[in-house]
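For ligands, and for the atoms within them, numbers begin at 1 and follow the listed sequence. Note that the structure is predicted; figures quoted are calculated from it, not measured. Along the sequence shown, the residues carry numbers beginning at 1.
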Amino acid sequence: MNSKFSKIGFVLAVAGSAVGLGNAWKFPTLVGQNGGSAFILLYLFLTLCVGFVVFLAELSIGKLSEKDPVNAYKTLAPEGKKAWALAGFTMLGAILLVSFYSLVIAWIVKYAVFSAVTLPSDIQSSTSYFEELVGNSPWLQLACFTFVFLLVFYVVSKGVKNGIERLNVWMMPSLFILLVLMLFYALSKGGSFQAFEFLLKPDFSKISVASILDALGLAFFSLSLGVGTIITYSASLPDRTNFITSTLSIIFINILIGLMMGLIVFTFIFEFGADPTQQGPGLIFISLATLFAKLGVVGNILAVCFFVSLFFAGITSAISMIEPFAFYLINTFKFSRLKALVYIGVFVYILGILCILSSNQATAFTFFGNKSFFDVLDYLVQNIIMPIGGLCAAIFVGFVVKKEALQILFAPCMNSFFFELWYFFLRFIVPFIIILIAINSIYPLKQLL
Ligand code: PFF
C-alpha cells in the first residue's frame, strides 16, 4: 500500500467497515429473537472481552508488518514457521462475502429508488414484492448489482487515501446525520417508548447458551474480524496513533449505530403492532416497508432515508472486503492496482451472478436440500472462515509473534497491567471461546441444551 490513512481517516474507514448491514439486519433480528436488552448487554460484554482482544491482535499483525494478510503472517513468523502465511488466505472469505453482501446492497438500491414512489400497503403485497424481486427479477437484480459492483471497485481503484478514506469521510457522517433525523422522527411516535423498553430493559431469563454464542458471532461479524480487513487497514495506520482510543472509538461508533438502527426499526415495529421477533430480510424489506407505507408521503421520505442510510453503511463495508486481496496481489505479483481489481472483479461478479441465478425461480439450484448459493456462501464465511481467521490471529499473536515487539508497539498507549491482561485473554480465553463458537456453528449446541 503506497499511502497511509490520516488518523481520523483510519477511525472512519474501520468504523465504515464495521458499521454495515450487520448493524441494520443481524443486530435488530438477534435482539428481537433473544429478548431485547439483556442480549445487548451480553453483546457489549463479549465485544469488549473477545472482539476488542482479537481486534488488537489483528491490528498488531497489520501494523508490525505493514503488509497484506499473507505477507504479514509470513514476515512476522520466525524461520521454520513460514507456513503461518496460509492463515492470511482467510482473506478469501472477504471476497466470498463481498459477492453476496453486494447483492443485498443491490436490493437496498432497488428499495431506495422505488420507495420514493410506491410502498406495499400490506404484508401480503410486501412479501410478494420482495419475493418477486429475489425470485423473479434476475435482470433487475443484475442491473442493481452491477451498479453496486462498479461503484465499490471504482472506489477501491482510487487507493487507500484518495478512494477509501475520501468516501468514508463523507459517507459515515452522512449516515450518522440521516440516522439522527430518523431517530428524532421515531422518538415522536408512541412506539419509541416500547422500543426503548425492549432494547434497554434487561430480561436475563431469555439468555441461553445459544444466545451467548449468537452474541459472539455477531461481535465478530460486526467488527469485521477474521477475514484480513483489520490487518490490511492497520497496515496503513499512521504512526503515533493511539491504538486503544482509536479501537475504542470504533467499537463505540459501531455499537451506537447498531442501537440507533435498533431503536428506529423497533419503534415502527411496535407503533404498528408488527412482530419484533421476525427474521432478517423479513424485518427490513417486508415489515418495515409496509409500516412506512402507513405514514403516507412522510413514510416515503422516511423509507428513502432509511434505505439510503443502509446503502451508505453497506458500501463502506463492501470496499473494505476487497482491499486485502487487492493489496496481496499488488505486493506479491507486482500487479498494478487496476489489474489486481480486474482479476478480483471477474471472480466476484461471477459469484454474484451465481447468487442471483440460484434464488431465481426459473434457474434455481440449491445445495444440501434447500440452501441457495447465497446461503452456502453466507454459512461458509461466517461460521467457518471468520472463526478460523480470528483463531489464527489470536494464536499467532499470542504464541508466535515476539512478546517484546508487542510490548514496544503498545507501550505508548497501554500500561503493563492492561497489556498483560490483554495478552492473557488473547492466549487462553479467546481461543477457547472461538472454538466453542465454531463447534456451535457446526453442531448447534441449541440441540444439546
Ligand atoms: N462489519 C460488517 C457488517 O456489520 O455488516 C460486515 C463485514 C465487513 C465483515 C467487512 C467482514 C469484513 F471484512
Under 3.5 Å, which donor-acceptor pairs link side chains of residues 7-20 to any protein atom two or more places apart or in another chain?
from, atom 1, to, atom 2, distance (Å)
Lys7, NZ, Arg240, O, 3.3
Ser17, OG, Ser224, OG, 2.9
Ser17, OG, Ser320, OG, 2.8

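- Phe145 meets the ring-ring contact (aromatic ring centres under 6.0 Å, His included) test with Tyr349; sequence neighbours excluded.
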What does the N/O contact table under 3.5 Å look like for ligand 1?
from, atom 1, to, atom 2, distance (Å)
ligand 1, 1 (N), Ser17, O, 3.1
ligand 1, 1 (N), Ala18, O, 2.9
ligand 1, 1 (N), Phe221, O, 3.0
ligand 1, 1 (N), Ser222, O, 3.2
ligand 1, 1 (N), Ser224, OG, 3.2
ligand 1, 4 (O), Ala18, O, 3.1
ligand 1, 5 (O), Leu21, N, 3.1
ligand 1, 5 (O), Gly22, N, 2.8
ligand 1, 5 (O), Tyr101, OH, 2.5

Quick one: side chains of residues 156-170, donor-acceptor pairs under 3.5 Å with protein atoms, not counting sequence neighbours, listed by atom name and distance.
from, atom 1, to, atom 2, distance (Å)
Ser157, OG, Tyr154, O, 2.6
Glu165, OE1, Ser6, N, 3.0
Glu165, OE2, Ser6, OG, 2.8
Asn168, ND2, Ile164, O, 2.9

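- Counting only N and O atoms by type, the side chains of Asp203 and Ser37 include no donor and acceptor under 3.5 Å apart.
- No hydrogens or angles considered: a donor-acceptor pair under 3.5 Å links the side chains of Asp375 and Ser372.
- With a 4.5 Å cut-off on side-chain heavy atoms, Phe243 and Ser60 do not count as touching.
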